[in-house]
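Let me begin by presenting the structure, written as structure tokens, before commenting on it.
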Amino acid sequence: MASMMFTDCSSSTAAARLLPLSRSRLRSACTSIFIPRFVGTHPMGTNSLRTILTVHYSSSSSHVIKATMSTESFAKVIDGKAVAEQIRDEITAEVSRMKDAIGVVPGLAVILVGDRKDSATYVRNKKKACDSVGITSFEARLPEDSSEQEVLKFISGYNDDPSVHGILVQLPLPSHMNEQNILNAVSIEKDVDGFHPLNIGRLAMRGRDPLFVPCTPKGCIELLHRYGIDIKGKRAVVIGRSNIVGMPAALLLQSEDATVSIVHSRTKNPENIIKQADIIIAAVGQPNMVRGSWIKPGAVVIDVGINPVEDAKSRRGYRLVGDVCYEEACKVASAITPVPGGVGPMTIAMLLSNTLSSAKRAHNFQ
């Protein structure tokens with residue numbers, strides 16, 4: 001006896017119409033097509049089920065022996081794009097209120113060194129984002145062979161400019177420059193990327209709030225908050241320990257009273273540690289590294305990874321995937337961010353939020 005699987009998103013009546021298929025057509029339909037149907041709502045998303053029709057037929061004839069229906073639950077999709085749009089609307093209103101009340105418009109300066117296409121795209125997107133919420137954008141473009149002193153000169157000028165409330169140095173910098181020296185030159189009061197060691201140090205200390213939190217980790221926590229996901233007392237695992245995402249994400253989770261573990265390249269049996277987590281933040285930069293079997297049923301997954309993988313069906317020849325195998329994880333987790341459309345939009349939204357906060361602080365505007 002053989003069995004085949006079909007998917008229906010409405011009713012058993014519609015599924016029944018599949019039963020008269022000939023055996024050859026049944027055999028040709030071996031690939032399951034899973035179409036979700038919404039069964040519950042959430043303030044920022046939906047849960048879904050898929051209905052599966054399993055048809056059993058005789059190996060010696062085309063007669064159907066038995067047909068059974070079953071359902072499988074899927075994780076709620078944490079829609080970072082929708083949340084980011086909501087935050088941008090809030091920022092737009094605050095920028096307008098500030099301008100009307102005291103005549104001040106927040107300003108963000110971006111310094112780009114070299115001609116990397118990806119960096120140029122990021123800078124262009126940040127400029128568009130500033131324009132969309134009413135923040136003034138400043139931009140300094142320097143050639144690849146610029147000296148470190150030339151970059152520091154621009155930073156010094158923006159530090160002294162009262163119309164600039166945030167300074168962002170686009171990374172990576174050319175190899176001949178000392179990244180640490182350049183990032184440390186940004187005034188802590190304008191460090192909207194949150195990379196200054198004093199901001200990171202304050203983040204690490206209880207009772208010492210930083211002026212700014214790094215944008216991507218801040219976006220991860222904001223998604224948890226806006227979806228009403230409780231952090232206090234939960235077990236959290238951060239995969240990756242970079243200065244930009246992993247380490248500050250772990251510090252933020254700890255400040256929210258989670259019990260935090262960090263998994264990194266030297267961790268033995270990482271799947272055993274990840275399996276214990278109620279909340280997972282994956283930021284390791286390896287496509288589909290985290291498998292569904294590594295995830296505890298009901299865990300919440302925040303996938304920071306944006307990895308290009310070859311895809312002949314894509315017009316670009318590649319598609320973007322996260323650090324977590326989405327197709328497997330969504331059958332186990334209770335909620336998960338997609339890639340793209342999850343954490344990515346939140347990073348720029350948090351940059352705009354930090355710039356607005358800087359302007360408010362500088363002018364003592366509540």
| Is any side-chain N of the basic residue among Asp230 and Lys232 closer than 4.0 Å to the acidic one's carboxylate O? | no
| field | Flag side-chain contact, heavy atom, 4.5 Å: Pro210 against Ile200 | value | no
| message | Test your reading of the model: is there a side-chain donor-acceptor pair from Asn307 to the backbone of Gly322, 3.5 Å cut-off? | response | yes
| request: In sequence, state the C-alpha distance, the side-chain angles, and the governing distance for Trp294 and Met289, and then conclude on side chain to side chain contact (heavy atoms under 4.5 Å, CB included). | output: CA-CA 10 Å; Trp294 297 15; Met289 187 195 87; 4.1 Å; yes
| query | With a 4.5 Å limit on heavy-atom distance, are the side chains of Cys130 and Leu352 in contact? | reply | yes
| field | Close side-chain approach of Gln254 to Thr259, heavy-atom, < 4.5 Å | value | no
| note | Heavy-atom closest pair (Ala249 atom, Ile281 atom, distance to 0.1 Å) is CB-CD1, 4.4 Å
| Is there side-chain contact between Ile295 and Val324, with heavy atoms separated by less than 4.5 Å? | yes
| In Å, rounded to the nearest 0.5 Å, how long is the span from CG of Leu224 to NZ of Lys234? | 10.0 Å
| remark: Taken in chain and number order and not counting sequence neighbours, the residues that satisfy side chain to side chain contact (heavy atoms under 4.5 Å, CB included) with Pro297 are Val332
| Test side chain to side chain contact (heavy atoms under 4.5 Å, CB included) applied to Arg235 and Ile279, step by step | CA-CA 6 Å; Arg235 287 190 174 187; Ile279 299 170; over 6 Å; no
| query | Do you know the tightest heavy-atom contact between Ser255 and Leu252? | reply | OG-O, 2.6 Å
| field | Euclidean distance, Glu189 CD relative to Ile167 CD1, rounded to 0.5 Å | value | 10.0 Å
| query | Any salt bridge between Arg319 and Asp311, counting N to O under 4.0 Å? | reply | yes
| query | If only atom types and distance count, is the side chain of Ser132 paired as donor or acceptor with the main-chain N or O of Ala129 below 3.5 Å? | reply | yes
| query | For the side chain of Ser119 and the backbone of Arg116, is there at least one donor-acceptor N/O pair under 3.5 Å apart? | reply | no
| Below 4.5 Å, heavy atoms only, C-beta onward: do Ile135 and Val105 meet side chain to side chain? | no
| message | Could you report the tightest heavy-atom contact between Pro106 and Met98, atom names first, then the distance? | response | CG-SD, 4.3 Å
| Regarding His176 and Glu148, is there a side-chain donor-to-acceptor distance under 3.5 Å anywhere? | no
| message | Just verifying a value: how many Å separate Arg124 CZ and Leu112 CG, rounded to the nearest 0.5 Å? | response | 10.5 Å
| field | Carboxylate-amine/guanidinium proximity below 4.0 Å for Asp209 and Arg202 | value | no
| field | Atom of Gly246, atom of Val238 and distance for their closest heavy-atom approach | value | O-CG1, 3.5 Å
| query | Sub-3.5 Å donor-acceptor pair from the side chain of Ser96 to the main-chain atoms of Thr92, do we have one? | reply | no
| Check against salt bridge (Lys or Arg N to Asp or Glu O under 4.0 Å), Glu222 and Arg226 | CA-CA 6 Å; Glu222 188 69 19; Arg226 299 228 174 193; 2.7 Å; yes
| request: Evaluate the side-chain proximity of Cys220 to Val304: yes if any heavy-atom separation is below 4.5 Å, no if none is. | output: yes
| request: Count the heavy atoms belonging to other residues, nucleotides or ligands that lie under 6.0 Å from NZ of Lys360, then report whether that count exceeds 12. | output: yes
| query | side chain to side chain contact (heavy atoms under 4.5 Å, CB included) with Asp161: which residues, sequence neighbours excluded? | reply | Ser163, Val164
| request: Using the rule that two of Ile, Leu, Val, Met, Phe, Trp, Tyr join whenever any of their side-chain heavy atoms come within less than 4.5 Å, decide whether Ile244 and Val169 are in one cluster. | output: yes
| said: Do the side chains of Glu271 and Lys275 get close enough for a salt bridge, i.e. N-O under 4.0 angstrom? | reply: no
| request: Please assess Asp79 against Lys81 for the test salt bridge (Lys or Arg N to Asp or Glu O under 4.0 Å), listing each intermediate value before the final yes or no. | output: CA-CA 5 Å; Asp79 190 342; Lys81 185 177 180 180; over 6 Å; no
| request: Please name the residue in the list Glu94, Arg361, His165 that meets the side-chain contact (heavy atoms from CB on, under 4.5 Å) test with Leu356. | output: Glu94
| Looking at Tyr227 and Val77, what are the two nearest heavy atoms and their distance? | OH-O, 3.4 Å
| query | Does any non-hydrogen side-chain atom of Ile274 lie less than 4.5 Å from one of Ile280? | reply | yes
| field | Connected via hydrophobic side-chain network under 4.5 Å: Leu251 and Leu198 | value | yes
| remark: Here the gap from Glu328 atom CD to Ser293 atom OG, rounded to the nearest 0.5 Å, amounts to 6.5 Å
| message | Distance check, rounded to the nearest 0.5 Å: Lys190 atom NZ versus Ile155 atom CD1? | response | 12.0 Å
| query | Is there a donor-acceptor pair under 3.5 Å between the side chain of Asn199 and the backbone N or O of Gly194? | reply | no
| message | Is it the case that the side chain of Ser358 and the backbone of Thr355 share a donor-acceptor pair, with hydrogens and angles ignored and the cut-off at 3.5 Å? | response | no
| said: Using side chain to side chain donor-acceptor pair (under 3.5 Å), reason through Ser147 and Gln149 one step at a time and then give a plain yes or no. | reply: CA-CA 5 Å; Ser147 69; Gln149 286 302 316; over 6 Å; no
| Rounded to the nearest 0.5 Å, how far apart are CD1 of Ile111 and CD of Gln170? | 11.0 Å
| field | Electrostatic pair Arg88:Glu90 at N-O distance under 4.0 angstrom | value | no
| task | Examine Val339 and Val290 and state if one hydrophobic cluster contains both, with Ile, Leu, Val, Met, Phe, Trp and Tyr joined whenever side-chain heavy atoms are less than 4.5 Å apart. | result | no
| task | Count the heavy atoms belonging to other residues, nucleotides or ligands that lie under 6.0 Å from NZ of Lys127, then report whether that count exceeds 12. | result | no
| Do the side chain of His363 and the main chain of Phe365 share a donor and acceptor less than 3.5 angstrom apart? | no
| Closest contact, heavy atoms only, Pro217 versus Pro248 | CG-CG, 3.8 Å
| Stepwise side chain to side chain contact (heavy atoms under 4.5 Å, CB included) test for Glu144 and Val113 | CA-CA 6 Å; Glu144 181 85 15; Val113 185; 5.8 Å; no
| Strictly by modelled atom types, are Asp323 and Asn288 linked by a side-chain donor-acceptor pair under 3.5 Å? | no
| query | Between the side chain of Thr337 and the main-chain N/O of Asp303, is any donor-acceptor distance below 3.5 Å? | reply | yes
| query | Taking side chain as C-beta onward, heavy atoms only, is Glu310 less than 4.5 Å from Tyr318? | reply | no
| said: Let me check something: do Val301 and Ile273 share a hydrophobic cluster, defined by ILVMFWY side-chain heavy atoms less than 4.5 Å apart, either directly or through other members? | reply: yes
| request: Check whether Leu152 and Val110 end up in the same hydrophobic cluster, where Ile, Leu, Val, Met, Phe, Trp and Tyr are linked by side-chain heavy atoms less than 4.5 Å apart. | output: yes
| In this structure, are over 12 heavy atoms from other groups packed under 6.0 Å from Asn181 atom CG? | yes
| task | Given side chain to side chain contact (heavy atoms under 4.5 Å, CB included), test Met350 with Thr216 step by step and report yes or no. | result | CA-CA 7 Å; Met350 294 300 97; Thr216 298; over 6 Å; no
